[in-house]
Amino acid sequence: MGNQNINNYLRLLAYVKPMKWYFAISLIGLTLFAATQVGYAHLIKYFIEALQGGSDELVYFVPIAAVVLAVVRAGGSFLGSYYMSKVGLSVVHTLRCEMFDKLVCYPASFFEQRKTGKIINRLTGNVAMVSVAVTGALKVVVREGMTVIFILIYLFWNNWKLTLVFFLVAPVIVFITSKAGARIRILAKKSQEVAGEMNQVLGEVIGGYSVVKSYGAEEQERGRFVRASKFAQNQNLKIQRTDGMASPLIQLFVVGGMAVVMYLVLSMKNTADIGELLAYIIAAGLLPKAIRQLSGVYSSVQKSIVAAGRIFEYIDTAVERDEGTIASGDIQGDIEISNMSFSYAYEGKKILDNINIKIRAGEKIGLVGRSGGGKSTLASLIPRFYQNYTGFIKIDNCDVRDYRLDFLRRNISLINQNVFLFNDTVANNIAYGALAGANRKEVERVADLAFAGDFIRELPEGFDTIIGQNGLKLSGGQRQRLSIARALLKDAPILILDEATSALDVESESHVQSALEAVMAGRTTIVIAHRLSTVKRLDRLLVMEQGKLVEDGSHDELLALGGRYASFIAFESAGEEFKKGLL
């Protein structure tokens, strides 16, 4: 086992510390269970003596001792199994919660660089493998390990010369086990990566089922899943093959040692006590079973150590930096961006190049331009979803990095281009997160402002209707209006609308635009839109091209300029005329 694997195993055991008393009870129980194994073997000696005409006391002692051993064995088995499971499940719960606690604190770049399926697999599949190690596998290791120790001690005490035979085969067993373990660790790591790929395919098909069906991609996705599953099958077969070869080899050497011991015992039949020899053989006969179970669980332990390493890798990933100290005060909404450039850390390509913008409190500006120009990225830097930029972004003349993240984001309402809702009630989706517990009347008020109240009240249970994962029971426009209601309830001084009306039909859009104009009053508002009709009435428009700010002015000023914005307007108008011609 390499140093890293040893470190991971020791780190995993550290999670047992809070449950040390339960662990101690479990060890006592499993030790009692293991001791009874030897106890039964030694009892045979007295049973043979009683058969050969020993004292009358043995006639009563042997059956009573058998019952006592059975009670101790049963009690030890219960204590060992129950409290080891209690410890194991507690460790799994702690790991799972620690991973999730870190997950919600990772920066946006963490999620962009990793596939969803692999993240889920580490939180569920890897933790499940660790569960095997710290419950079933650990129980077997302790129980059978103690059994082997007790048996060897008993055999050595009974006849140390015969017992030396077992010590001769021990180095061979250790060699086979270590080689098999190294192979299993490598295969287990690949197997867990493949499990993440399967989860990824599964998640994409479930989340994008309408795209799969509309484009007739069922066979393509079936093929992707079959290939991933087949590869996982092959990896697991390799693990089973390695484990399957190691266990019989270990058994072969153990039984070989047993055969030598049996030969030596038989050669001593005329010179030694039959009861002692029989007790010795029965105790020695317990060794192969114990060693077989130990070798059988070894692959599970190896896979669990690999899984623990992958879990610790995620736990050790750096969370969002939050070095800000300002956590109170009234935000007015002045925004100043100075000499700011930005590149994604994992790409290196410059996305924003020397941006300089001043936005007065209460001013409404629009970011327009072609897709990929950097508009959404620029908006994401204000609430510090990304922090590796150069230059400065200030709110109320204070660097956003000086604000505490929770305080900064509490003062910014953001409606993303892609709406995400939770499998909960309508009311809880509006009053989400820090807004939870908001007055129902207030929730209904903002829903009406977002022109969502009417359709909500027509739902089976109104505001208490469960809307399904990501609001699957709602239309795109309805989901968008719920997200707008959520932002209205937040009532933050800075409002960012990233294609906020893109999923609405014309009628709904006109209603929501009216609601948004009302809520934008007195708030600093940044609107990102491809449909220029939605930004014409804003105070200023900023035109972005390939990460640079190329034009700045009102709708009329930019039209008179005859530059990029004017060409966008002409292109959009031509498109509208073309559509009318088709009607």
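Bear in mind that the values here come from a model prediction, so they are computed numbers and not experimental data.
Looking at residues two or more places apart in sequence or on another chain, you find a side-chain contact (heavy atoms from CB on, under 4.5 Å) between Asp396 and Ile331, Gln332, Asp334, Tyr403. For Leu558, the side-chain contact (heavy atoms from CB on, under 4.5 Å) partners two or more places apart in sequence, or in a different chain, are Leu541, Val543, Glu551, Leu561, Tyr565.
No hydrogens or angles considered: a donor-acceptor pair under 3.5 Å links the side chains of Arg384 and Gln387. Ser376 and Asp498 share a donor-acceptor pair across their side chains, judged by distance under 3.5 Å alone.
A side chain to side chain contact (heavy atoms under 4.5 Å, CB included) with Leu414 is found for exactly one of Ile526, Ile382, Leu495, Ile496, namely Ile496.
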Exercise for review: Determine, step by step, whether Ser483 and Arg479 satisfy the side-chain contact (heavy atoms from CB on, under 4.5 Å) criterion, reporting the C-alpha distance in whole Å, the side-chain angles of both residues, the deciding distance to 0.1 Å, and the verdict.
Suggested key: CA-CA 6 Å; Ser483 72; Arg479 292 199 300 271; over 6 Å; no

**Study point:** Verdict with supporting geometry, Leu352 and Tyr389, side-chain contact (heavy atoms from CB on, under 4.5 Å)
**Key:** CA-CA 9 Å; Leu352 297 171; Tyr389 58 85; over 6 Å; no

Exercise for review: Begin with the C-alpha distance, continue with both residues' side-chain angles, and end with the deciding distance and a verdict on side-chain contact (heavy atoms from CB on, under 4.5 Å) for Ile569 and His555.
Suggested key: CA-CA 10 Å; Ile569 288 289; His555 169 73; 4.1 Å; yes

Review point. Checking side-chain contact (heavy atoms from CB on, under 4.5 Å) for the pair Val527/Ile365: CA distance, chi angles, key distance, verdict?
Key: CA-CA 6 Å; Val527 180; Ile365 71 157; over 6 Å; no

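Here Arg445 contributes atom CZ and Ile430 contributes atom CD1; the two are 12.0 Å apart, rounded to the nearest 0.5 Å. Taking CD1 from Ile393 and SG from Cys398, the interatomic distance works out to 12.5 Å, rounded to the nearest 0.5 Å. To the nearest 0.5 Å, atom OG1 of residue Thr425 and atom CG of residue Asn428 are 3.0 Å apart. For the atom pair OG1 (Thr317) and CZ (Phe312), the distance works out to 13.0 Å, reported to the nearest 0.5 Å. With rounding to the nearest 0.5 Å, the separation of OG1 in Thr377 from CD1 in Ile351 is 6.0 Å. Rounded to the nearest 0.5 Å, atoms CD (Glu545) and NZ (Lys375) are 9.5 Å apart.
With hydrogens and angles disregarded, no donor-acceptor distance shorter than 3.5 Å links the side chain of Lys102 to the backbone of Tyr314. Judged purely by atom type and a 3.5 angstrom limit, Glu98 has no side-chain atom pairing as donor or acceptor with the backbone of Leu95. A side-chain donor-acceptor contact under 3.5 Å links Arg486 to the backbone of Asn429. Of the possible donor and acceptor atoms, one in the side chain of Thr524 sits under 3.5 Å from a partner among the backbone N and O of Gly362.
Between Leu405 and Arg321, every side-chain heavy-atom pair lies at or beyond the 4.5 Å cut-off. In this structure the side chain of Asn356 never reaches within 4.5 angstrom of the side chain of Ile337, judged on heavy atoms. Side-chain contact between Asn339 and Phe392: absent, with no pair of heavy atoms (C-beta onward) separated by less than 4.5 Å. In this structure, the side chains of Thr390 and Met340 stay at 4.5 Å or more apart for every pair of heavy atoms. Proximity of Asp406 to Arg404: side-chain heavy atoms (C-beta onward) are separated by under 4.5 Å at one or more points. Using a 4.5 Å heavy-atom cutoff, the side chains of Leu482 and Leu474 are in contact. Taking 4.5 Å as the limit, every side-chain heavy atom of Val368 sits out of range of all side-chain heavy atoms of Met544. Using a 4.5 Å heavy-atom cutoff, the side chains of Lys358 and Ile335 are not in contact.
Between Asp353 and Lys548 there is a salt bridge, since at least one side-chain N of the basic residue sits less than 4.0 Å from a carboxylate O of the acidic one. Contact check on Glu323 versus Arg401 returns no salt bridge, with no Lys/Arg side-chain nitrogen under 4.0 Å from an Asp/Glu carboxylate oxygen. The existence of a salt bridge linking Glu313 and Arg310 is excluded, since no basic side-chain nitrogen approaches an acidic carboxylate oxygen closer than 4.0 Å. Using a 4.0 Å cut-off between a side-chain N of Lys or Arg and a carboxylate O of Asp or Glu, Arg11 and Asp316 qualify as a salt bridge.
Closest heavy-atom contact between Lys490 and Arg409: NZ-O, 2.6 Å. Residues Cys105 and Val319 share a closest heavy-atom pair of O-CB, 3.4 Å. Looking at every heavy atom in both residues, Tyr386 comes nearest to Ser380 through CE1-CB, 3.9 Å. Closest heavy-atom contact between Ser343 and Asn388: O-ND2, 3.0 Å. The two residues Leu489 and Val443 make their nearest non-hydrogen contact at CD2-CG2, 4.3 Å. Summarising the geometry of Met99 relative to Ile311, their closest heavy-atom pair is SD-CG2, 3.5 Å, with the distance given to 0.1 Å.
Within 6.0 Å of the CZ atom in Arg410, the count of heavy atoms belonging to other residues, nucleotides or ligands exceeds 12. Heavy atoms from other residues, nucleotides or ligands lying under 6.0 Å from OH of Tyr432 number 12 at most.
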Please output the side-chain donor-acceptor pairs of residues 453-467 that fall under 3.5 Å, not counting sequence neighbours, one pair per line with the distance.
from, atom 1, to, atom 2, distance (Å)
Arg457, NH1, Asp448, OD1, 2.9
Arg457, NH1, Gly453, O, 3.2
Arg457, NH2, Asp448, OD2, 3.3
Asp464, OD1, Arg440, NH2, 2.9
Thr465, OG1, Glu461, N, 2.9
Thr465, OG1, Gly462, N, 3.1
Thr465, OG1, Gly462, O, 2.9

